[in-house]
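These notes concern the structure reproduced below.
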Amino acid sequence: MSDELNPKEIETLRALSAKERMQIPRQVMPEQSPDERRANFREVPYGLPSMTAVVEANRCLACKKPACVEGCPVGIDIPGFVALIARGDFEGAIRKVKETNMLPAICGRVCPQETQCEANCVLGKKGDPVAIGRLERFVADWEREHGLMEPPPIGEPTGKSVGVVGSGPAGLTVAIDLRRMGHSVTIYEALHAPGGVLMYGIPEFRLPKSIVNAEIEVVRRMGVDIQCNYVIGQIETVDDLLERHDAVFLGTGAGLPWFMNLPGENLCGVYSANEYLTRCNLMRAYEFPCCDTPIAASERVAVIGGGNVAMDVARTAVRLGAKEVYLIYRRSEAEMPARAEEIHHAKEEGIIFKLLHTPVRYIGDESGRVQQVECIRMELGEPDASGRRRPVPIEGSEYTIDVDTVVVAIGNGPNPLVPKTTKGLEVDPRRGTIKTNLETMRTSRRGVFAGGDIAVGAATVILAMGHGRKAARSIDHFLRTGIWDVDRID
Amino acid sequence: MNKILENEVLAEKINRYVIEAPKIAQRRKAGQFVIVRIDEHGERIPLTIADADPEQGTITLIVQAVGKTTAQMTLLKPGDYLLDVVGPLGAPTHIERFGTAVVVGGGIGIAPAHPIAQALKAAGNTVITILGARSKSLLILEEEMRRTSDEVIVCTDDGSYGMKGLVTHALADLIARRGKPDFVFAVGPVPMMKYVSLLTKEHGIPTMVSLNPIMIDGTGMCGGCRVTVGGEMRFACVDGPDFDGHQVDFDELMKRQAFYKEQEAIAYQRMLERCRAEGIAQPDPS
Ligand SMILES: Cc1cc2nc3c(=O)[nH]c(=O)nc-3n(C[C@H](O)[C@H](O)[C@H](O)COP(=O)(O)OP(=O)(O)OC[C@H]3O[C@@H](n4cnc5c(N)ncnc54)[C@H](O)[C@@H]3O)c2cc1C
Ligand SMILES: Cc1cc2nc3c(=O)[nH]c(=O)nc-3n(C[C@H](O)[C@H](O)[C@H](O)COP(=O)(O)OP(=O)(O)OC[C@H]3O[C@@H](n4cnc5c(N)ncnc54)[C@H](O)[C@@H]3O)c2cc1C
Ligand code: SF4
Ligand code: SF4
Ligand code: FES
């Protein structure tokens, strides 16, 4: 397929009436076939070819009051950038995106668009919404592939400095915005590579690490000092940071894996999703023995959970060579928190869904390796606090599945390391999150801000970025005025 | 990037590394460790901080070559770099004035035992150290231990030095000879810690052990290092590495440590082949 632009066709497209525009079907993004991708870690979708992107962009009606923008936690000027793509001005389009979102290649790939920007698109009322995420991804890829990634202008130095703990999407966004305002920024990251979940959690086949690295490289070029291998709460405390920084932002995420406290959960071959994914993504165990970190060689894998993380694990297990991968979830498909697209991909890749089932114990062999998972069937009872019907076990319905690997993907809580070592930082006693005013991102501790998963529990990349953005404005206000007791920053 | 200042052979397959890490040198406390990655393809491996010099800005690691990464480390020369060193990790060892404290170090476990003996001594304890090694050529840090202990008992499995036998024998003898000590700290191979704990449990002596499960991040994020203590799941990298020896499920720990044996052997063989191909002096095969 030629990737050239066709100016004539663009002209024709630009001349279409609104009615005609609405006739254009949502464009398809080509992707690897399920059979092919089961055997590799390369990204599944190939991205839109240039002219396909232009056609897709021409579906947008350029609404006067664009509802789509309301759905974007960072408020990207969606009709603005889409219109530029529609004209074939990709450089203009990416500039427009980057006015509000400095990590578009990431968001375009991993945002749950169907519940955010695209959920609000007027076209979605009758047909398919504009593929906003794919267009965002398209211009970001176009810029990178053309070697045009440039750091945005930096503000006049203010002489103030901010310490940012954690280099996930929240920390990166706060750092970018603060540099634009002229503050100096140091990020402290516990792992050896920045990016947070983008680096260690989300698999290569959904978000290639080279793309994360390229976007982070721009952050570095903005003059953000990123100190890896730096665990706050161990080598230094937040109080130490406040001695050399004028403010501190905590973006430490929700990295504490939950287990179910079942018998046999510590058998060999039973992993948390975090460990399984970290071995595979951050440590590149899929390249073993080229890379040193091993991961279980598995034939039959049970993944416990029904969220995006569970889908990522199941699809990773397939690529690592497992012949059968079971996804064991205690509710029905309708209640699954995973994105529809991910469930679809997982099914295409042959993952066996065991819905309305839950594990009760794991059984191992002599050497301590897991051999079986014992499950019980469930049925849906009365709705619980979350409004979803509560699963209740059906007595006597226990049965076992033979497995050699189990991955527990039932969720993560905030890591207590920073709260535990910081005086005067209030924490929600039940959820472990740092108490944060979600307007100002201020914590109970003067000069300390927080955002992302550490403030609200496991959420999304773009929400973390939205927090980072708000926090930067609030930090800037605090640094300029010295006023702490405010409820809103306008 | 952390510069290696010294790499010295202490005993067969045991090297002592002095590494530039100024901030860690200032902050570390006895019982804490670092996680090291040698190169881009490398694994993250935990190593106890055996000693530190805050003035020079250095930490000392004492490492036994048991597999790919630790063997590859022996090939590094002063002036070379470790790609990543993160720490100090883990909770420091709880030190107080117990009275008479016995420190038991077995094999490479003598390295982590040393700073603990130092700290116990500094806190005003009478420190009796029991050192165990398979044979004389594998014994490390005897001199250093003598400097920080009121008494040192050496045992070797083959009787090539000190008393012939296991550290548990030496500990039983000691209890018979001097009465119950107030506190025991044991670090070394898991079976050794297990049997020391069984013995001290019989005598009702409070005992701490330092556990070494397989780790990755060392910050409580992956749960790979989980151990069962008193029937509960704990993460050794943040809740430990020290735990009450009378509560630890050592058998589970041993099984979890052995989980990757086959892959570890593959990684090790592959390194040997690469060394051969590149004409690099090979580290001792283990
Ligand atoms: C497997 C998986 C798949 C996901 N898929 C999606 C998706 O498709 N779309 C989506 O929108 N969201 C997804 N999410 C959720 C999303 O990744 C998170 O909501 C988001 O990354 C939160 O960002 P954050 O900046 O708050 O924290 P994180 O990304 O968790 O980053 C926190 C960083 O802080 C560091 N840190 C922690 N403690 C310390 C300390 N004491 N000192 C120094 N550094 C520290 C950590 O090492 C980490 O790098 C997924 C999550 C997972 C686990
Ligand atoms: C808290 C802690 C402190 C330690 N301190 C020291 C020390 O001071 N000196 C020393 O010589 N050794 C120490 N170890 C053990 C050391 O980490 C392992 O010997 C090393 O990881 C082996 O790696 P390898 O690639 O050379 O060998 P491999 O062939 O990969 O492994 C050999 C054995 O080492 C263990 N091991 C492998 N990978 C890891 C890992 N990522 N984390 C933990 N254990 C692993 C396994 O039981 C394995 O069977 C410590 C371990 C822990 C957990
Ligand atoms: S950042 Fe996410 S929510 Fe906003 S426009 Fe892009 S894909 Fe939609
Ligand atoms: S709501 Fe849909 S059609 Fe309207 S501007 Fe946004 S993307 Fe375009
Ligand atoms: S090493 Fe990952 S939680 Fe301890």
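Letters go in sequence order (proteins before strands), and every chain restarts at 1.
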Check: Does the side chain of L267(A) come within less than 4.5 Å of K255(B)'s, by heavy atoms?
Finding: no
Checklist line | Residue, of L282(A), D240(A), N412(A), N261(A), that accumulates the most heavy atom pairs under 4.5 Å with chain B | finding: D240(A)
Item checked: Segment of A273(A) engaging chain B (4.5 angstrom heavy-atom cut-off) -> neither
Check: Checking S272(A) side chain against G223(B) main chain: does a donor-acceptor pair fall under 3.5 Å?
Finding: no
Item checked: E275(A) CD to D217(B) CG distance, which is reported to the nearest 0.5 Å -> 9.0 Å
Notebook entry, point to check: Quick one: what part of R256(B) sits under 4.5 Å from any heavy atom of chain A, side chain, backbone, both or neither?
Noted result: both
Checklist line | C222(B) side, atom SG; Y276(A) side, atom OH - distance, nearest 0.5 Å | finding: 14.5 Å
Checklist line | K23(B) NZ to N229(A) CG distance, which is reported to the nearest 0.5 Å | finding: 14.0 Å
Checklist line | Portion of I295(A) that has a non-hydrogen atom of chain B nearer than 4.5 angstrom | finding: backbone
Notebook entry, point to check: Say you draw a straight line from NZ of K261(B) to SG of C268(A); how long is it, rounded to the nearest 0.5 Å?
Noted result: 11.0 Å
Check: So how far is it from M221(B) CE to T278(A) OG1, rounded to the nearest 0.5 Å?
Finding: 3.5 Å
Check: Does a sphere of radius 6.0 Å around NZ in K29(B) hold more than 12 heavy atoms from other residues, nucleotides or ligands, not counting ones at 6.0 Å or beyond?
Finding: no
Checklist line | Heavy-atom pair count under 4.5 Å with chain A, highest-scoring of D251(B), V238(B), V227(B), L89(B) | finding: L89(B)
Margin query: Can you tell me which portion of I266(B) sits under 4.5 Å from chain A's heavy atoms? Options are side chain, backbone, both or neither.
Written below: side chain
Next item on the list: Determine the option with the most heavy-atom pairs under 4.5 angstrom with chain B, choosing from R279(A), R284(A), M283(A).
Entry: R279(A)
Next item on the list: For Y260(B) and A296(A), work out which heavy atoms get closest and say how close.
Entry: CE2-N, 3.9 Å
Check: For E366(A), is it the side chain, the backbone, both or neither that has a heavy atom under 4.5 Å from a heavy atom of chain B?
Finding: backbone
Next item on the list: Decide yes or no for E43(B) and P294(A): does some side-chain heavy atom of the first lie under 4.5 Å from some side-chain heavy atom of the second?
Entry: yes
Check: Got a sec: does the OH of Y195(B) have more than 12 other heavy atoms crowding it under 6.0 Å?
Finding: no
Check: Checking heavy atoms, do the side chain of R44(B), its backbone, both or neither come under 4.5 Å from chain A?
Finding: both
Note to self: Given heavy-atom pairs under 4.5 angstrom as the criterion, report whether the side chain, backbone, both or neither of L253(B) touches chain A.
What the structure shows: neither
Note to self: With a strict 4.5 Å heavy-atom criterion, list every residue of residues 228-236 of chain B that contacts chain A, or say none.
What the structure shows: T228(B), M233(B), F235(B)
Item checked: Validation row: P88(B), I235(A) side chains within 4.5 angstrom (heavy atoms) -> yes
Next item on the list: Using non-hydrogen atoms and a 4.5 Å limit, figure out which bit of Y230(A) sits close to chain B: side chain, backbone, both or neither.
Entry: both
Notebook entry, point to check: So which of G269(A), C228(A), G368(A), A190(A) has the biggest tally of heavy-atom pairs under 4.5 Å with chain B?
Noted result: G269(A)
Notebook entry, point to check: Where does V408(A) contact chain B at under 4.5 Å (heavy atoms): side chain, backbone, both or neither?
Noted result: neither
Notebook entry, point to check: Which residues from residues 30-42 of chain B are near chain A, with near meaning under 4.5 Å between non-hydrogen atoms?
Noted result: Q32(B), R37(B), E40(B), H41(B), G42(B)
Next item on the list: Count the heavy-atom pairs under 4.5 Å between each of G218(B), G87(B), G90(B) and chain A, then report the option with the highest count.
Entry: G90(B)
Check: Would you say E217(A) has more than 12 foreign heavy atoms packed within less than 6.0 Å of its CD?
Finding: yes
Checklist line | With R300(A) via side-chain hydrogen bond (donor to acceptor under 3.5 Å, both in side chains) - residues at least two apart | finding: E324(A), Y326(A)
Next item on the list: Can you tell which part of I216(B) gets under 4.5 Å to a heavy atom of chain A, answering side chain, backbone, both or neither?
Entry: side chain
Item checked: Those residues that, when tested against S197(B), pass side-chain hydrogen bond (donor to acceptor under 3.5 Å, both in side chains) (two or more places apart) -> none
Next item on the list: Carefully, step by step, assess E265(A) and R226(B) under the rule salt bridge (Lys or Arg N to Asp or Glu O under 4.0 Å).
Entry: CA-CA 10 Å; E265(A) 220 167 20; R226(B) 61 196 191 278; over 6 Å; no
Next item on the list: Could you have a look at T69(B), I24(B), V85(B) and say which one has the most heavy-atom pairs with chain A under 4.5 angstrom?
Entry: V85(B)
Note to self: So which residue, E264(B), K68(B), Q26(B), R28(B), ends up with the most heavy-atom pairs under 4.5 Å with chain A?
What the structure shows: K68(B)
Checklist line | N266(A) versus chain B, the contacting section by heavy-atom distance below 4.5 Å | finding: both
Notebook entry, point to check: Roughly how far, to the nearest 0.5 Å, is OG1 of T293(A) from CD of Q263(B)?
Noted result: 11.0 Å
